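Each remark here refers to the structure printed beneath this line.
Per chain, numbering begins at 1; letters A, B, ... match sequence-line order. Just so you know, these numbers come straight off a predicted model, no measurement behind them.
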Amino acid sequence: MDLKQYFHILYAFLIRDWQRRWSYKLNFIAMLMYPIVWVSVFALLGRTVDEGGGMGIEGGFATYIVVGIITWRFIRVGFFDSSWSIRWEQHIGTFKNIYMIPHHLLVPVSATALSGFTVSLLNFVEMWLVAEFVFGISLNLTLPSFLFLVLAWLSVIGFGFVIAGIAVLYKEIQAVFTVIFFSFQFFCGVFFPVSSLPRAAQYISRAIPITYALNGMRTSMNHGYIPLNDVLIMVVAGIIGMVIGLVTLHLCLQKALKDGKLERY
Amino acid sequence: MGIEVQGIEKTFDDTKALKGISFEVEEGEIFGLLGPNGAGKTTTVKILATMLLPDKGRAFIRGSDVVKHPKEARNLVDVITARDKFYRRLNGYQNIKFFSRLYQVDDWKEKMQRYGDHLGLTESDFEKRLADYSTGMRQKLNLIRNMVRETPILFLDEPTLGLDPVSSRKFRSLLKDIMQKEDKTVIFTSHNMFEVEELCERIAILKDGKITMTGDPKKLKNEIFPKRMIEFSFKDGRDLDLESEHIYRIEKKQDGKTQVYINAGDHVHDVVQEILNQGRVSHISVKEPTLEEAFIKHAGEQEETDDEVTSWI
Ligand SMILES: Nc1ncnc2c1ncn2[C@@H]1O[C@H](COP(=O)(O)OP(=O)(O)OP(=O)(O)O)[C@@H](O)[C@H]1O
Ligand SMILES: [Mg+2]
């Protein structure tokens with residue numbers, strides 16, 4: 001398939017997904033409001049802590065936590081969109097008709113993830129604007145720091161494919177991984193510095209790439225540059241994740257094709 | 001050759017779903033797959049549609065191996081089942097437009113209206129959300145989705161399940177029309193024998209993962225029920241004077257009716273003609289079993305007795 005064909009399909013998914021979102025009018029409004037409420041709550045919490053003497057965090061706790069949740073949310077959505085796509089189509093009964101197009105399954109799966117990216121992007125812009133102009137919390141957003149954020153998003157997509165593959169064989173995996181992924185926000189320094197975790201837990205933190213994504217974003221905000229170390233880790237994690245993701249997805253789909261679990265109509 | 005299946009075997013855990021089946025479907029042919037629940041019809045369709053890998057054997061769609069070149073096969077094939085769904089929150093147009101984009105079809109709207117007219121789906125139906133569609137409407141839209149895509153090969157796995165008699169008749173008539181106009185190659189599975197008899201030029205009967213019979217529906221009926229009965233009465237009550245190697249019994253009933261038990265085949269017509277030639281007949285009928293009766297008998301594996309012919313009368 002050529003790039004033009006791919007964009008054609010990507011466009012189809014984008015339109016479909018936005019039409020679906022728009023059809024739930026109240027949900028649509030909630031989808032827009034949620035990040036605003038979310039960022040406001042944490043901005044106010046951070047401010048209160050800072051006014052009470054702060055936590056000795058560079059740049060202040062309000063900034064710390066706002067950057068944390070904006071980055072986290074961006075990455076999280078990428079992970080869930082890429083891990084959920086196949087199961088979701090199977091669940092609602094549209095999988096077969098998507099599968100029967102003469103392309104590899106990665107085409108619709110990645111198109112779904114990219115379509116979800118547009119939501120991440122929208123929410124990111126909202127949260128950034130509210131933080132910057134309502135609460136005066138500046139993220140010092142630059143093109144490199146934005147590209148770094150996109151890199152962080154890319155780095156979890158491969159891991160999403162791992163779950164996407166396993167979920168075809170074992171439905172319950174989704175629930176298990178939701179909990180595991182949820183726990184990452186405590187390890188990776190979303191709400192509080194990794195250094196405040198028990199020593200043993202800090203080893204776990206260091207093993208999760210998202211920790212470096214958050215560190216990179218914060219350094220960029222406070223010092224105007226992104227540590228090369230963090231960029232490299234993101235790139236390596238992204239590549240490793242993508243390789244593992246594609247291999248797992250391939251093996252799981254192959255097994256599903258053998259066991260008759262790919263399409264159970 | 002449209003479709004070629006060579007010695008396909010498939011086992012799930014400890015269920016032997018297919019025990020080496022082979023058949024061929026010519027280009028433009030409508031081929032029926034019949035068989036009791038669990039016989040392996042869906043398994044066969046899924047293997048041909050590249051949704052399932054066989055353990056053994058090979059299958060080709062217009063020469064493309066479904067295991068080695070699944071994308072080529074998928075480019076030629078579409079599948080319609082009664083379980084197919086759409087996006088509930090999108091309306092008919094939006095759904096078909098989405099799939100048309102995937103299939104890279106531009107004139108989807110025109111086709112949609114054309115086939116919609118044929119099936120009795122109006123523009124206002126297309127503007128409804130799928131959540132508000134009835135089963136039949138959804139299935140019609142599913143057929144339209146396929147028509148928009150225009151694959152030369154189509155698998156229909158119990159497509160009329162859940163349709164009311166009027167709708168399934170419309171569905172069938174559209175199918176028939178399309179098959180004739182567009183020369184599609186079709187594999188059709190159904191439990192509705194009437195439907196199979198009406199649509200299929202050739203059928204195969206699957207039983208326990210094996211093909212037990214193939215041929216045109218009429219021939220199969222004759223094989224399973226090799227006897228027919230002609231019942232008539234002469235106005236003047238005379239006796240029939242007829243001898244034929246195909247007739248094996250003639251019975252005169254109390255009420256003046258005569259029953260002629262005869263082997264199935266073209267000669268039934270000759271015998272009827274002969275009866276009409278011999279005298280004025282007040283009534284005459286030939287009892288034919290339906291494909292359904294043939295199927296039930298075949299599935300039931302009963303030994304045929306001489307009086308068997310009456311069991312379906
Ligand atoms: N994914 C699967 N896992 C385990 N067993 C399966 C699977 N798919 C089919 N089978 C088994 O294979 C056999 C054939 O099933 P299949 O669905 O092909 O039958 P069928 O002829 O389509 O029946 P029906 O008329 O009820 O649709 C059945 O015994 C079924 O239980
Ligand atoms: Mg079936």
Between Arg101(B), Arg83(B), Arg89(B), who has the most heavy-atom pairs with chain A when the cutoff is under 4.5 Å? Arg89(B)
Taking every non-hydrogen pair under 4.5 Å, which of Thr43(B), Thr81(B), Asp55(B) racks up the most with chain A? Thr81(B)
Centroid-to-centroid, Phe74(A) to Phe117(A), below 6.0 Å? yes
Taking atom CD1 of Ile244(A) and atom CZ of Phe159(A), what is their separation to the nearest 0.5 Å? 5.5 Å
For chain A, find which of Ser100(B), Ala49(B), Pro70(B) contributes the most heavy-atom pairs closer than 4.5 angstrom. Ala49(B)
In terms of heavy-atom pairs under 4.5 Å with chain A, the winner among Leu76(B), Asp157(B), Asn91(B) is Asp157(B)
Scored by heavy-atom pairs under 4.5 Å with chain A, the best of Val79(B), Asp78(B), Ile80(B) is Val79(B)
Decide yes or no for Arg73(A) and Phe124(A): does some side-chain heavy atom of the first lie under 4.5 Å from some side-chain heavy atom of the second? no
Structural part of Phe95(A) lying under 4.5 Å from a heavy atom of chain B: neither
Side chain, backbone, both or neither: which part of Asn97(A) has an atom under 4.5 Å from a heavy atom of chain B? both
Chain A contact via Leu52(B) - which portion, at a heavy-atom distance below 4.5 Å: both
Taking the six-membered ring for Trp, are Phe155(B) and Phe188(B) ring centroids under 6.0 Å apart? no
Region of Ile92(A) in contact with chain B, defined by heavy-atom distances below 4.5 Å: both
Is Asn142(B) close to chain A through its backbone or its side chain, or both, or neither, when contacts mean heavy atoms under 4.5 Å? side chain
Under the 6.0 Å and 45° cation-pi test, does Arg149(B) pair with Phe99(B)? no
Residues, nucleotides or ligands: over 12 heavy atoms within 6.0 Å of Lys255(A) NZ: no
Side chain, backbone, both or neither: which part of Arg88(B) has a non-hydrogen atom closer than 4.5 Å to chain A? neither
Side chain, backbone, both or neither of Lys258(A) within contact of chain B (heavy atoms, under 4.5 Å): both
Is it the backbone or the side chain of Ile15(A) that comes under 4.5 Å from a heavy atom of chain B, or both, or neither? side chain
Taking the six-membered ring of Phe12(B) (Phe, Tyr or Trp), confirm whether the NZ or CZ of Lys10(B) is under 6.0 Å from its centre and within 45° of its axis. yes
Report which part of Val45(B) has an atom under 4.5 Å of a heavy atom belonging to chain A: side chain, backbone, both, or neither. side chain
Pick from Ser23(A), Gly93(A), Ala256(A) with the largest number of heavy-atom pairs that fall under 4.5 Å of chain B: Ser23(A)
Just give me the residue among Gln254(A), Lys261(A), Glu263(A), Arg16(A) that pairs up with chain B most often, heavy atom to heavy atom, under 4.5 Å. Arg16(A)
Atom pair CD/CG of Glu89(A) and Leu105(A) - distance to nearest 0.5 Å: 10.0 Å
Test your reading of the model: is there a side-chain donor-acceptor pair from Lys171(A) to the backbone of Val168(A), 3.5 Å cut-off? no
Parallel, tilted or perpendicular: which fits the ring planes of Phe79(A) and Phe181(A), with parallel below 30° and perpendicular above 60°? parallel
Tell me which of these, Gln19(A), Arg20(A), Gln5(A), His8(A), has more heavy-atom pairs under 4.5 Å with chain B than the rest. Gln19(A)
Flag for Ser120(A)-Asn123(A): side-chain donor and acceptor within less than 3.5 Å: no
